[in-house]
Amino acid sequence: AQIRAKTVPQSVAAQFVTQSTLQSAIAAALATPGPIGIKTPGSVNATVVWTQVVNGEYNAGSFSTLQSAISTATASGVYKVKIPEGTYKGSFVVPSGMTLECVSRRAVLTIANGANVDVITIPNGAANVTIRNCSIDGNASNQTATSRGIYAAGVNTNITLDNVSVSNTQDACVLQQYANVEAGQYNSGFKTVNSRLVNCGGHGVDFRDVKGVWIQNNYFENWGAVNP
């Protein structure tokens, strides 16, 4: 990652020095006299992702991919990842209990040309997942098979999409897969609020075998199915 340490002496214009890690940028800035700051540029596959550890504060960690940040947070029992502005390419699996929080919708999660996969997958049986403030781009014009923006694999509980933008998908922007009603299993507590779902190849939101759905204050445009 290219992280810049910024020094701003009153008589000198701001200067930026490229550092290999966030920690080295902090050290370089502290070693320079005068007011200091840090600038972290957005980039493809940006590597600086924050994982929350205590009291709502985020500790910065440098990861090669967003998925590695999610996996590290999960393994450490953190279950919250904050994503800076930038473009992140991959197919991301978001497990139970995880919150993905982007600093703004200028943090874009997308897939590579010809990947033909869902951008985000919430596994079968996962619960208490939140995705907030992110843009999710299905890169539909460069796919050759069905893919969705967010795919919940079934028997899911308490999935929340808050202030997300999901767009340009081959199939539904958001798909909640079937549960198993015959066995008394449902998807429940799926919430989509304050979100934007546009240019969806299928439905904007496609909920199956669900109860307790909350859809509020969303914007839909240009979906491929009869109903949004």
Side-chain angles (χ1 to χ4, degrees), residues 66-67 70-71 74 79-81 83 88 90-102 105 107-111 115-140 143 145-228:
L66 176 56
Q67 188 62 58
I70 294 169
S71 299
T74 303
Y79 292 104
K80 192 166 187 179
V81 172
I83 306 170
Y88 301 82
S91 181
F92 309 106
V93 178
V94 183
S96 282
M98 177 61 67
T99 294
L100 292 186
E101 181 177 344
C102 296
R105 286 188 184 174
V108 181
L109 282 58
T110 188
I111 51 177
N116 299 319
V117 292
D118 302 315
V119 183
I120 290 178
T121 297
I122 301 170
N124 183 275
N128 304 317
V129 171
T130 297
I131 301 170
R132 180 176 292 121
N133 302 336
C134 301
S135 288
I136 298 157
D137 186 338
N139 190 19
Q143 308 304 313
T146 297
S147 60
R148 280 85 42 147
I150 299 173
Y151 175 71
V155 198
N156 300 117
T157 305
N158 298 334
I159 309 300
T160 298
L161 310 179
D162 182 8
N163 191 37
V164 300
S165 173
V166 187
S167 61
N168 304 323
T169 57
Q170 278 271 351
D171 193 17
C173 278
V174 178
L175 172 60
Q176 171 67 77
Q177 190 54 277
Y178 293 107
N180 189 348
V181 174
E182 291 78 9
Q185 295 179 321
Y186 293 85
N187 301 300
S188 63
F190 205 119
K191 181 187 296 185
T192 304
V193 296
N194 308 317
S195 294
R196 176 180 178 271
L197 302 105
V198 300
N199 298 329
C200 310
H203 295 284
V205 290
D206 187 351
F207 294 149
R208 306 173 181 182
D209 292 351
V210 295
K211 58 182 181 180
V213 172
W214 185 355
I215 302 175
Q216 182 180 26
N217 195 33
N218 300 292
Y219 175 80
F220 295 86
E221 180 181 323
N222 192 27
W223 56 88
V226 175
N227 298 310

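The line from CH2 of W223 to OG1 of T169 is 13.0 Å long, rounded to the nearest 0.5 Å. Taken to the nearest 0.5 Å, the CG atom of N133 stands 11.5 Å off from the OG atom of S165. Taken to the nearest 0.5 Å, the OH atom of Y151 stands 10.5 Å off from the CG atom of D206. Distance check: L109 CG to I120 CD1 gives 5.0 Å after rounding to the nearest 0.5 Å. We find the CD1-SG distance between I83 and C134 to be 4.5 Å, quoted to the nearest 0.5 Å.
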- Message: I150 vs I122, test: side-chain contact (heavy atoms from CB on, under 4.5 Å). Steps then yes/no.
- Response: CA-CA 8 Å; I150 299 173; I122 301 170; 4.2 Å; yes
- Task: With side-chain contact (heavy atoms from CB on, under 4.5 Å) as the test, would you mind laying out the steps for N217 and V193 before giving the verdict?
- Result: CA-CA 6 Å; N217 195 33; V193 296; 5.8 Å; no
- Under the side-chain contact (heavy atoms from CB on, under 4.5 Å) criterion, do V205 and F190 qualify, and how do the steps go? CA-CA 11 Å; V205 290; F190 205 119; over 6 Å; no
- Query: Passes side-chain contact (heavy atoms from CB on, under 4.5 Å), T110 versus Y88? Steps please.
  - Reply: CA-CA 6 Å; T110 188; Y88 301 82; over 6 Å; no
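Nearest heavy atoms, P95 versus I70: CD-CG2, 3.8 Å.
Listed for the S188 side chain is no donor-acceptor partner under 3.5 Å among the backbone atoms of K211. A donor-acceptor pair is defined here as one N or O able to donate and one able to accept, closer than 3.5 Å; such a pair exists between the side chain of S195 and the backbone of V164. Counting only distance, with no hydrogens or angles, the side chain of N187 and the backbone of R208 share a donor-acceptor pair below 3.5 Å.
Listed by chain and residue number, S167, R196, Y219, E221 satisfy the side chain to side chain contact (heavy atoms under 4.5 Å, CB included) test with V198 (two or more places apart in sequence, or in another chain). Legend: residues meeting side chain to side chain contact (heavy atoms under 4.5 Å, CB included) with Q143, ordered by chain and number and at least two apart, are I111, A115, N116, N139, S147, Q170. Checked against side-chain hydrogen bond (donor to acceptor under 3.5 Å, both in side chains), R105 has the following partners two or more places apart in sequence or in another chain: N163. Remark: N199 pairs with N168, N222 by the side-chain hydrogen bond (donor to acceptor under 3.5 Å, both in side chains) rule, at least two apart or across chains. Evaluation of the side chain to side chain contact (heavy atoms under 4.5 Å, CB included) rule for N158 yields N128 as partners, not counting sequence neighbours.
Within the structure, every pair that satisfies the salt bridge (Lys or Arg N to Asp or Glu O under 4.0 Å) test and touches residues 146-165, not counting sequence neighbours, is listed here: D118-R148, R132-D162, R148-D171.
Residues F92 and Q67 are in side-chain contact: their nearest non-hydrogen atoms beyond the backbone lie under 4.5 Å apart. Counting heavy atoms from C-beta on, the side chains of C173 and I136 never come closer than 4.5 Å.
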